[in-house]
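We're numbering straight along the sequence, starting at 1.
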Amino acid sequence: MGESRLSTIDKNGIANAIYTLADIGPDPLTGETITAKQRVKEIIEAAKLADEAGLDVFGVGEHHRLDYAVSSPAVMLSAIARETKQIKLTSTTSVLSTLDPVRLYEDFATLDLLSDGRAEIIAGRGAFIESFPLFGYSTNDYDELFTEHMDLLLKLNQNETVTWSGKFRAPFRNAEISPRPIQDQIPIWIGVGGTPESAVRAGRFGVGMALAILGGDPLRFKPLVDIYHKAGMEAGYSSEELKVGVTGHAYIAKTTQQAKDEFFPYYSNYWSYVNRQRGMGTRMSREDFEYMSSPSTALFVGSPEQIVEKVLRQHELFGHKRFLAQVDIGGLPFQKVAKNIELLATEVAPMIKKAISK
């Protein structure tokens with residue numbers, strides 16, 4: 001099988017992507033909350049639109065809560081695989097600490113077969129910890145669990161037959177790992193939220209680092225990228241093997257003022273219910289939002305030109321190969337999500353490509 005569209009883009013510029021965590025929040029303007037069934041249908045439709053528009057990657061996250069619609073990205077992405085043709089399909093993220101690496105790998109290898117070689121995995125801790133008690137793990141073992149499970153996942157990715165033993169999972173000998181994917185190996189990334197330890201871990205494993213930058217000045221994340229590259233090169237990996245992706249919340253409109261006016265009720269709503277989920281009562285004011293979406297920050301809210309400026313500034317800092325935008329949060333109606341996909345594909349992505357190719 002030849003080079004994928006994405007691998008070529010990774011070499012020449014920035015791959016543009018959208019992702020969803022499948023949160024189910026009320027529309028703050030109507031008070032209505034869609035069902036999980038409708039949310040799932042809209043996610044599939046969003047993936048189809050992204051594929052048809054020429055975007056490069058579509059991601060789905062994992063949660064185990066009633067206010068999120070997807071607990072199994074592999075199942076969701078398998079449904080999307082049958083409705084799309086070219087777009088890469090990734091988890092964003094798979095909560096590796098509490099997943100069995102064998103089951104995770106075999107599920108995504110199956111996805112790879114269904115999608116004709118488009119499967120990827122971003123492994124991480126996730127935003128919540130509900131999966132730890134649900135699957136019988138302790139958060140006290142987080143670092144050891146993640147390291148052990150990642151080590152096993154990479155061995156499964158590299159070998160058809162594996163012998164393995166560890167602390168948290170039953171050992172096995174000469175186990176046949178089936179099915180094997182179409183790709184020689186499934187691309188694996190680690191999601192990093194802001195801790196140096198996670199950046200070092202990604203570098204030492206020689207996998208991609210997907211950096212979650214949800215606000216503030218992106219300059220504060222530059223040390224993590226430097227640490228990642230240093231750890232990776234010390235572990236024997238080349239700079240070409242050490243790829244960075246940037247993820248963040250985004251909303252695009254014709255003008256920056258229009259984008260802010262339209263998005264504020266939904267973004268404020270999103271943080272309101274996320275904070276409640278975490279036991280906090282903090283609410284976002286319009287003044288807070290104006291600061292968070294100002295030109296020097298990481299929140300991608302504005303005109304296509306404003307979004308491009310922010311992506312290019314981050315590219316100067318990080319040299320990242322992917323921009324992943326979360327465009328469906330806070331109860332945002334699907335027609336607005338669809339418009340964001342259109343603007344990202346038809347206006348933002350071409351401008352980014354033109355600027356980087358100069």
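For the side chain to side chain contact (heavy atoms under 4.5 Å, CB included) with Trp164, the qualifying choice from Val102, Asp151, Leu156 is Asp151, the only one to do so. Exactly one residue among Thr90, Val327, Leu324 makes a side chain to side chain contact (heavy atoms under 4.5 Å, CB included) with Tyr19. That residue is Leu324.
We find the OG1-CD distance between Thr255 and Glu262 to be 8.0 Å, quoted to the nearest 0.5 Å. Rounded to the nearest 0.5 angstrom, Ser294 OG and Leu299 CG are separated by 9.0 Å. Atom CZ of residue Phe263 and atom CG of residue Asn269 lie 10.5 Å apart, to the nearest 0.5 angstrom. We find the CZ-CD distance between Arg180 and Gln185 to be 8.5 Å, quoted to the nearest 0.5 Å. Within the model, atoms CD1 of Ile121 and OG of Ser91 stand 6.0 Å from one another, a figure rounded to the nearest 0.5 Å. Separating the NZ atom in Lys243 from the OH atom in Tyr237 is a distance of 14.5 Å, to the nearest 0.5 Å.
Classification of Glu290 and Arg286 as a salt-bridged pair holds, one side-chain N sitting under 4.0 Å from a carboxylate O. Under the 4.0 Å criterion applied to side-chain N and carboxylate O atoms, Arg39 and Asp23 are assigned as salt-bridge partners. Salt bridge annotation for Lys321-Asp56: absent, with no cationic side-chain nitrogen under 4.0 angstrom from a carboxylate oxygen. With salt bridges taken as basic N to acidic carboxylate O contacts below 4.0 Å, none links Glu148 and Lys167. A salt bridge is defined here as a Lys NZ or Arg NE, NH1 or NH2 lying under 4.0 Å from an Asp or Glu carboxylate O, and Glu120 with Arg322 meets this definition.
Counting only residues at least two apart or in different chains, side chain to side chain donor-acceptor pair (under 3.5 Å) contacts with residues 217-227 comprise Asp217-Arg313, Lys222-Asp226. For the ring-ring contact (aromatic ring centres under 6.0 Å, His included) condition, the pairs that include at least one residue of residues 314-350, sequence neighbours left out, are Phe300-Phe323, His315-His320. Screening residues 123-136 for side chain to side chain donor-acceptor pair (under 3.5 Å), with sequence neighbours left out, gives Thr98-Ser131.
Environment of CZ in Arg169: crowded, with over 12 heavy atoms of neighbouring residues, nucleotides or ligands closer than 6.0 Å.
A donor and an acceptor atom, one from each side chain of Gln38 and Thr35, are nowhere located under 3.5 Å apart.
Side-chain contact between His149 and Leu104: absent, with no pair of heavy atoms (C-beta onward) separated by less than 4.5 Å. Put simply, the side chain of Met284 reaches to within 4.5 Å of the side chain of Met292, judged on heavy atoms.
Annotation: side-chain contact (heavy atoms from CB on, under 4.5 Å) contacts of Ala109 (sequence neighbours excluded): Tyr105, Pro179, Pro181, Ile186. Checked against side chain to side chain donor-acceptor pair (under 3.5 Å), Glu45 has no partners two or more places apart in sequence or in another chain. Applying the side-chain contact (heavy atoms from CB on, under 4.5 Å) criterion to Thr93, with sequence neighbours excluded, gives Ile122. Residues that satisfy the side chain to side chain donor-acceptor pair (under 3.5 Å) test with Glu106, not counting sequence neighbours, are absent from this structure. Applying the side-chain contact (heavy atoms from CB on, under 4.5 Å) criterion to Ala175, with sequence neighbours excluded, gives Phe172, Ile177. Residues satisfying the ring-ring contact (aromatic ring centres under 6.0 Å, His included) test with Phe168, not counting sequence neighbours, are none. Looking at residues two or more places apart in sequence or on another chain, you find no side chain to side chain donor-acceptor pair (under 3.5 Å) involving Ser268.
With a 4.5 Å cut-off between side-chain heavy atoms of Ile, Leu, Val, Met, Phe, Trp and Tyr, the cluster of Val75 takes in none.
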Derivation and outcome, side-chain hydrogen bond (donor to acceptor under 3.5 Å, both in side chains), residues Asp107 and Thr110: CA-CA 5 Å; Asp107 284 348; Thr110 302; 5.5 Å; no
Pair Tyr270-Tyr273, ring pair (Phe, Tyr, Trp, His ring centres under 6.0 Å): steps then yes or no: CA-CA 6 Å; Tyr270 172 77; Tyr273 63 69; 5.8 Å; yes
Donor-acceptor pairs are to be reported for all side-chain atoms of residues 340-350 against protein atoms at under 3.5 Å, with residues two or more places apart or in another chain.
unit_1: Asn340; atom_1: OD1; unit_2: Ile252; atom_2: N; d: 2.6
unit_1: Asn340; atom_1: ND2; unit_2: Lys336; atom_2: O; d: 3.0
unit_1: Thr346; atom_1: OG1; unit_2: Glu342; atom_2: O; d: 2.7

